[in-house]
Amino acid sequence: MMSFSFDGFRVGISFVMMCIVYKSAVNSLPELSPQKYFSTLQAGKASLAYFCQADSPSTSVFLEELNKAVKPLQDYGISVAKVNCVKEETSRYCGKEKDLMKAYLFRGNILLREFPTDTLFDENAIIAHVLFALLFNEVKYITTLGDLQNIENALKGKADIAFSYVRAIGTPEHRAVMEAAFVYGNTYQFVLTTEIALLESIGMEDIKYAHLYFFHCKAVLDLTQQCRRTLMGQPLTTLDIYRFIKSMEAPLLTEVAEDPQQVSTVHLQLGLPLVFIVSQQATYEADRRTAEWIAWRLLGKAGVLLLLRDSLEVDIPQQANVVFKREEGMPVEFLVLHDVDLVISYVENNTYIEERQEDEADDMEGPDMGMQDDEVAESVYRDRKRQLPLELIVELTGETFNTTVMASDSIVLFYAGWQAVSMAFLHSYVDLAVKLKGTPTMLLTRINCANWPDVCTKENVTEFPVVKMYKEGENPVSYGGMLGTEDLLKFIQLNRISCPVNITSIQEAEEYLTGELYKDLISYSGVSVLGLFSPSMTTAQEDFTEAGKYLKGCVITGIYSEEDVLILSNKYTTTLPALLLARHKESQVESIPLANTHVQEIVQIITNALLETFPEITVENLPTYLGLQKPLLILFSDGIINPQYQKAMLTLVKEKHLDSVIPCWLNLKNTPVGRGILQVYFEVLPPLPLLVVVNLHSGGQVFAFPSDQAITEQNLLLWLKKLEDGLESHITILSAQEWKPPLPAYDFLRMMDAAASQHPTRKGPEYMKETDIQENDKQPEDKSAVRKERIEL
Amino acid sequence: MGLSVAPVWGPPGLLLTMALCPALTLHPAEARAPAPRDYCVLGAGPAGLQMAYFLQRAARDYVVFERASGPGSFFTRYPRHRKLISINKRYTGRTNAEFNLRHDWNSLLSHDPRLLFRRYSRAYFPDAGDMVRYLGDFAGRLGLRVRYNTTIAHVTLDKDRRAWNGHYFILTDQKGQEYRCSVLLVATGLSVPNLVDFPGSEYVEGYESVSVDPEDFVGQNVLILGRGNSAFETAENILGVTNFVHMLSRSRVRLSWATHYVGDLRAVNNGLLDTYQLKSLDGLLESDLADLAVVKDPKGKLHITLKFYLEESNQSAEAIPLPQDDSDNFAMRVAYDRVIRCLGWKFDFSIFNKSLRLSSGSEFSKKYPLVRPSYESKGSRGLFVLGTASHSVDYRKSAGGFIHGFRYTVRAVHRLLEHRHHGVAWPATEHPITQLTSCVLRRVNEASGLYQMFSVLADVVLLKENGTAFEYLEEFPMQMLAQLEAVTGRQARHGLFVINMEYGRNFSGPDKDVFFYDRSVGYTEDAWQSNFLHPVIYYYRHLPTEQEVRFRPADWPLPRPAAIHHILEDFLTDWTAPVSHILPLRRFLENCLGTDLRSFYAESCFLFALTRQKLPPFCQQGYLRMQGLVGTGSLRQHRVESGLLRDYAAAGKRREDSGQWPGLREPVDQPEAPGPLDQPLNSNKEEL
């Protein structure tokens with residue numbers, strides 16, 4: 001290209017060369033005097049010259065556009081120049097007034113056309129007009145249907161026609177058509193119109209854009225027949241017209257008998273897919289007719305081939321009747337499509353998707369929004385094929401619900417089959433049923449609220465999952481613990497006894513406190529609580545009973561209010577009313593006096609008593625300790641904790657040195673996710689065990705106990721002192737980032753706007769009144785008066 | 001069972017009488033006036049009984065006036081051929097009672113499962129007699145207070161500052177007895193047959209009186225005026241015995257399967273379309289009926305001509321000019337034995353005094369009284385129109401003119417009244433934000449009111465401060481959105497979602513091909529192009545203003561939202577697919593709220609709790625309150641396999657082997673980069 005344009009230039013003179021050097025742009029507009037200009041003109045060569053007054057401004061919109069057109073016009077062998085009309089050399093092309101300057105097109109020194117500058121409004125218009133003038137014979141401009149029919153008739157059996165409609169001369173589409181005509185003008189007859197009426201008369205309905213039709217006239221032998229027409233589906237750009245015409249030149253239907261994977265035609269090079277219609281010997285004639293029919297329908301959209309199955313060496317699936325090859329190198333798709341329309345729509349859709357994917361790649365690369373990033377939904381979905389032993393759980397329905405929960409003590413899981421969280425919990429519930437199998441505790445039941453919403457609403461269940469316990473003569477109780485097997489098991493087991501239990505003798509009370517009384521329940525409740533009251537303390541008893549009920553399923557509570565209660569209060573050195581807390585692991589009983597303590601306070605006292613002084617922190621119990629709003633002092637241990645460390649810690653706790661923190665330890669064997677935590681805390685992980693203070697509630701700093709020091713009481717105390725004094729620096733600060741949406745959503749509003757703006761010629765105002773909307777679909781009935789007599793079928 | 005709810009309107013009536021006592025002496029004229037009723041319902045048809053039910057349940061002072069001796073008198077005569085075209089679908093394969101109402105077009109709403117229409121008829125298109133029986137049971141079993149044999153002949157207004165609305169409605173019955181009502185609920189349906197007025201219209205028989213015995217039509221040429229379901233129903237009955245049936249109407253036939261409007265011609269009645277297109281002598285014509293004239297020849301045959309021919313000539317019986325004199329292929333040049341008018345009905349405006357300013361709707365929906373989107377008359381406060389007569393709100397759009405639609409709009413009106421006069425806020429449930437996706441999903445998958453009254457009634461989610469909780473309101477008249485706070489007593493200060501059901505924008509219409517290829521959309525990113533009824537969710541940062549609702553974009557049921565989401569249409573109307581339906585919905589909701597709505601297992605929450613200062617809402621509202629989701633071993637295994645969970649146990653061992661820790665310090669924004677998944681996208685494209 002470069003050399004070509006340079007050649008074009010060499011016909012000029014040294015002045016031009018200087019211009020090039022001076023402006024350092026290869027294709028800038030040469031400025032010549034009239035005399036010089038006319039001396040450059042060569043016979044047979046076309047040239048466009050703009051004549052202007054020497055003193056006119058050197059820049060104008062027109063000159064800018066003309067400058068842009070230099071290079072493309074040179075590609076077509078047309079030179080361009082600006083001619084300065086100096087006083088000495090007047091030319092008849094130099095207008096008399098500044099604003100009457102024009103551009104002139106010469107071939108050799110013959111004037112072909114003159115253009116007022118306003119018709120050459122931009123680069124496209126310049127190129128379109130110049131080529132239009134030069135290709136006067138190759139491109140016929142018509143205005144009536146008659147013109148078109150005449151041309152069509154004249155060319156039948158001789159040549160094909162490229163007929164295009166553009167909205168106006170000088171548009172980008174017009175330029176594209178003219179550029180195509182420059183290349184193909186000798187092969188095809190180009191016909192151009194700007195008349196919408198003409199297009200309407202050949203049956204187009206939606207005329208908003210430029211159109212190009214290919215009239216297949218060459219093959220028409222019978223002069224009474226119409227030429228077949230193929231509409232170009234793409235917008236009119238030079239490249240697309242080129243592709244379209246190329247695909248018109250390709251054979252309509254090719255027969256092949258080789259592996260479709262290996263077949264390649266010009267279509268693939270043009271970016272069009274290939275469609276193979278699979279044919280068998282027996283049905284060859286019919287298949288060929290079908291294939292031809294499809295080929296016509298897909299002309300310009302895909303290449304169509306007839307694949308002869310019988311002479312094929314490779315195997316293709318037995319049922320497949322269509323093979324689709326999207327592009328070179330892609331594996332072919334074998335399809336079963338029983339309808340010609342299905343073939344057409346398959347091809348059109350697949351081509352469309354491909355284009356769209358390119359679009360998307362442009363403006364939003366990045367994560368796949370269709371990728372499941374919810375771990376609960378994903379794990380439940382992945383497990384959907386596994387058969388759960390649901391038969392261990394009674395499924396309730398609208399009919400059986402009431403009778404079942406009234407007939408026996410029951411646990412009911414309310415869930416929704418489509419909701420992942422409740423389905424995940426159903427798994428745990430099934431595990432629980434397996435554990436409890438054969439032990440007569442409570443009836444385990446479930447009800448799918450997606451099937452029985454009225455039951456769930458009646459039971460006041462509006463969220464999922466919910467677990468409720470139904471016991472005869474009692475109001476149903478909602479389970480409020482962790483949604484897991486262990487915690488629910490504890491809830492069920494502890495509910496076997498009706499807390500607070502009434503203890504009736506001193507001996508029974510002692511058995512209760514030692515854990516003998518409810519031996520099998522001790523593993524679920526590490527603490528047994530006994531309220532001691534004298535028989536007259538009715539209010540205190542009621543409060544305690546209330547608190548016991550509230551904590552039902554969470555801890556064992558009992559009440560003793562016999563006349564001889566003083567024996568117990570004396571033994572445990574307390575005054576009435578009082579609480580006795582029996583910690584079974586430590587085999588010790590603690591007493592707390594209850595003076596004027598209300599229900600809420602009793603609950604709080606008992607809940608606090610359940611907390612351990614140096615607990616092993618686990619996934620299940622962390623929330624309980626986080627509720628205390630203190631920094632955590634965590635000892636990370638790989639396996640069971642070293643007794644020495646434990647002792648050191650317990651000593652510090654006992655001496656009240658650790659009141660400002662929650663001392664605890666984490667067993668990485670039981671809680672492997674602890675490793676994930678350490679990875680966040682430490683850049684380089686020192687050897688275990690590790691002791692850290694995590695200030696979760698204010699600031700998020702993490703401090704690490706120096707790993708080169710031994711974990712002893714003294715070292716710990718010193719370190720904690722330094723921490724308190726602000727002398728220790730943190731190893732990291734926990735991210736305070738908010739939880740934002742992990743991925744964007746589809747912007748349907750934008751897509752709808754984009755679709756709406758593609759049809760800018762919408763009739764009527766964008767906004768309408770409410771009343772107008774209703775009348776929108778009113779029939780155009782008013783016209784009926786006009787066609788009174790035309791009552792017809 | 002019978003009367004389960006005792007009459008409760010005694011006490012308030014008594015109180016009002018006592019309050020009036022001092023006034024009595026001053027205004028002797030008022031002495032005759034009875035104590036006002038709070039609510040008067042006109043008509044004991046389906047809509048009147050439905051309203052009576054809600055008033056009764058709320059223990060309000062009400063009475064229903066009915067001129068016939070039993071409820072549903074319209075159905076004792078109509079449809080003439082007795083076949084209701086409202087679907088009585090007894091089996092859906094589902095037990096969800098709410099869902100099943102989506103396919104039960106005849107039942108009224110009640111708490112009594114015995115009062116479901118499927119217990120009254122086995123027929124898919126049931127007999128009208130069963131409807132009468134059903135309505136009788138509905139009124140009887142629920143003990144609704146209906147005054148039968150009471151014809152309200154006149155309704156007028158009496159200004160009174162003490163009245164709820166500044167005036168009482170004075171109803172006068174056929175005996176001259178007066179009733180005073182604070183609120184008037186008009187559920188009288190459309191009772192006046194539409195007539196045509198042209199020369200010779202006296203020869204035209206009406207649908208309401210024409211014979212239904214096919215024997216009476218044997219060998220006759222029949223012309224039917226109209227193109228609605230009553231016209232086709234009449235034709236269907238006689239197709240087999242007539243020479244031919246011609247059907248003439250002003251505009252082209254509208255097929256309900258194309259318009260998605262149940263009031264248009266239903267396939268159950270369309271035998272004539274079939275015989276017309278197969279050229280079996282029957283036919284369909286379009287012309288303005290007002291231009292017609294019918295002349296009777298001496299043999300009693302009826303000829304169609306045009307009005308202006310008659311005007312020109314001197315009308316001597318023999319020489320009447322006919323169109324075929326000018327154009328000899330005039331379609332209706334054949335003589336008819338019968339001309340039958342089946343032009344539908346209109347509202348009876350005659351009993352309402354002018355002071356009520358109850359006017360008819362626009363040119364387009366003239367047969368209905370003009371009402372606001374709240375179903376309150378534009379002319380007088382306190383007058384509500386219910387049932388078929390209220391259809392101007394959604395004529396040719398939704399189902400508000402039919403039982404399966406207005407049973408919900410009646411409920412909406414009742415909820416508005418409960419708030420206006422009794423201070424009872426619109427019912428709502430409050431939930432933590434983590435339940436938002438589930439709440440929306442539950443409703444779009446089962447709610448019948450949204451489904452039947454699509455684009456008229458919509459659910460509304462009102463966000464609470466900080467977006468941590470929300471209130472869920474069901475079936476609110478969406479055109480009232482701007483007035484939501486005033487009419488419901490709920491607050492919408494922090495943004496809201498509106499959940500609607502919609503057909504595709506350009507899918508429905510009398511001239512639309514609704515069976516075209518690729519009419520169904522199968523990819524989530526194309527969900528906005530869904531054609532069949534599907535849920536659409538609008539997000540607004542503020543309650544739209546009245547102006548915004550009035551001047552919304554054309555074709556939009558609501559003003560332009562801040563963001564919009566379409567849930568991909570589904571062949572089974574089951575929007576519970578994890579990736580195609582739930583995931584895009586969650587992404588939409590969390591992007592509107594600016595938060596992360598994923599659910600997490602307790603283990604993940606544990607990790608976040610110890611490694612981040614903030615927790616996602618699911619962990620905050622679940623795990624931190626000791627209600628974390630623990631999960632099971634097999635589910636944990638799936639999480640590891642999906643790449644959504646790092647296997648720390650395994651990772652630990654490997655590290656011990658290599659003896660060093662890789663310094664992974666990246667913020668744990670997402671648990672892990674999601675691994676590759678099997679996308680089930682390719683298989684879910686179905687032909688709808």
Side-chain angles (χ1 to χ4, degrees), chain A residues 341 345 370-379 381-383 418-419 421 424 427-428 431 451 453-454 462-463 482-484 619 622-623 672-673 675-677 679-680 683-685 700 734-736 738-739 741-742 745-746 748-749 751-752 767-768 770 774-775 778-779 781 784 789 791-793, chain B residues 95-98 250-251 287-288 323 331 364 429 435 438 517-518 524-525 528 550-551 553-554 563-564 566 576 578-579 587-588 590-591 595-596 598-599 602-603 606-607 610-614 616 624 626 628-632 635 638-639 642 644 648-649 652 661 663-665 667 670 674 677:
Chain A
D341 286 326
S345 63
M371 184 78 78
Q372 183 64 269
D373 51 5
D374 183 307
E375 58 177 5
V376 180
E378 179 62 16
S379 58
Y381 182 75
R382 281 175 177 250
D383 204 55
W418 48 263
Q419 204 232 13
V421 174
H427 282 68
S428 301
D431 284 358
N451 295 338
D454 30 355
T462 53
E463 298 165 9
M482 283 275 174
L483 302 176
V619 170
L622 175 71
V673 69
R675 294 191 190 277
I677 296 167
Q679 283 171 35
V680 175
E683 226 160 300
V684 180
L685 200 73
L734 300 182
S735 159
E738 297 285 344
W739 285 79
Y746 294 119
F748 287 148
L749 204 54
M751 295 185 203
M752 291 162 86
Y767 290 81
M768 291 174 121
E770 203 172 330
Q774 290 207 335
E775 284 167 358
K778 185 177 176 179
Q779 313 288 333
E781 284 147 10
S784 57
E789 290 110 318
I791 299 177
E792 54 193 9
L793 286 180
Chain B
T95 57
N96 186 321
E98 177 65 19
R250 205 159 61 125
S251 52
S287 171
D288 196 338
F364 183 59
T429 49
Q435 291 285 334
S438 288
Y517 276 106
D518 298 326
T524 49
E525 62 269 36
W528 63 281
R550 269 174 70 88
F551 300 104
I564 195 167
H566 288 251
T576 59
V579 174
R587 294 215 190 287
F588 168 74
E590 59 192 9
N591 276 281
T595 187
D596 185 333
R598 287 180 292 177
S599 44
E603 192 179 359
F606 177 80
L607 174 71
L610 288 175
T611 55
R612 305 189 44 142
Q613 296 191 46
K614 305 233 163 82
L624 279 195
M626 281 160 269
L629 181 65
V630 177
T632 64
L635 291 174
H638 284 298
R639 283 154 66 205
S642 70
L644 288 168
Y648 293 105
W661 292 82
L664 277 170
R665 289 293 315 278
Q670 291 160 36
L677 288 188

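Throughout, protein chains are lettered first and strands after them, A, B, ... in sequence-line order, and every chain is numbered starting at 1. The analysis underlying the following values was restricted to heavy atoms, covering all of them including side chains, and did not include hydrogens, waters or symmetry mates. Owing to the predicted nature of the structure, the values given are computational and were not obtained by experimental measurement.
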Next item on the list: Give the minimum heavy-atom separation between P578(B) and Y381(A), together with the two atoms involved.
Entry: CG-CD1, 3.5 Å
Next item on the list: Mind listing the closest non-hydrogen atom pair of E375(A) and S599(B) along with its distance?
Entry: CG-O, 3.8 Å
Notebook entry, point to check: How far does CG of L635(B) sit from CD of E378(A), to the nearest 0.5 angstrom?
Noted result: 11.5 Å
Check: Hey, does the Lys NZ or Arg CZ of R598(B) hover above the aromatic six-ring of W739(A), less than 6.0 Å from the centre and inside 45° of the axis?
Finding: no
Check: What distance do R587(B) atom CZ and D373(A) atom CG have between them, rounded to the nearest 0.5 Å?
Finding: 4.0 Å
Check: Just wondering, do V630(B) and V619(A) contact through their side chains at under 4.5 Å, heavy atoms?
Finding: no
Notebook entry, point to check: Atom CZ in R382(A), atom CZ in R639(B): separation rounded to 0.5 Å?
Noted result: 12.5 Å
Next item on the list: Only counting residues at least two apart or in another chain, list the ones meeting salt bridge (Lys or Arg N to Asp or Glu O under 4.0 Å) with D341(A).
Entry: R297(A)
Margin query: To the nearest 0.5 Å, what is the distance between OG1 on T429(B) and CD on E463(A)?
Written below: 8.5 Å
Next item on the list: Would you name the heavy atoms of Q419(A) and S438(B) that are closest together and state the gap between them?
Entry: NE2-OG, 3.0 Å
Next item on the list: Return the minimal non-hydrogen interatomic distance between L734(A) and L610(B), and the atom names on each side.
Entry: CD1-O, 3.6 Å
Item checked: Among the listed options G628(B), G631(B), A602(B), the residue most often paired with chain A at heavy-atom distances under 4.5 Å -> G628(B)
Checklist line | M626(B) CE to L483(A) CG distance, which is reported to the nearest 0.5 Å | finding: 13.0 Å
Notebook entry, point to check: Of all residues at least two apart in sequence or in a different chain, which pass the side-chain hydrogen bond (donor to acceptor under 3.5 Å, both in side chains) check with T576(B)?
Noted result: D574(B)
Notebook entry, point to check: Do you know which two heavy atoms are closest between E525(B) and M751(A), and how far apart they sit?
Noted result: O-SD, 3.6 Å
Next item on the list: Report the C-alpha distance between I564(B) and M752(A) in whole Å, list the side-chain angles of each, state the deciding distance to 0.1 Å, and finish with yes or no for side chain to side chain contact (heavy atoms under 4.5 Å, CB included).
Entry: CA-CA 10 Å; I564(B) 195 167; M752(A) 291 162 86; 3.9 Å; yes
Next item on the list: Work out which heavy atom in F748(A) is nearest to a heavy atom in T524(B); give both atom names and the distance.
Entry: CZ-O, 3.4 Å
Margin query: Under a 3.5 Å threshold, yes or no: a donor from one side chain and an acceptor from the other, between D431(A) and T632(B)?
Written below: no
Item checked: Top contributor to chain A contacts, counting heavy-atom pairs under 4.5 Å, from A97(B), P616(B), A563(B) -> P616(B)
Item checked: Heavy-atom proximity to chain B below 4.5 Å, by part of N451(A) -> both
Margin query: Can you tell me how far apart CZ (F606(B)) and CD1 (I677(A)) are? Round to the nearest 0.5 Å.
Written below: 4.5 Å
Notebook entry, point to check: chain B: which of P741(A), P623(A), G484(A) shares the most heavy-atom pairs with it under 4.5 Å?
Noted result: P741(A)
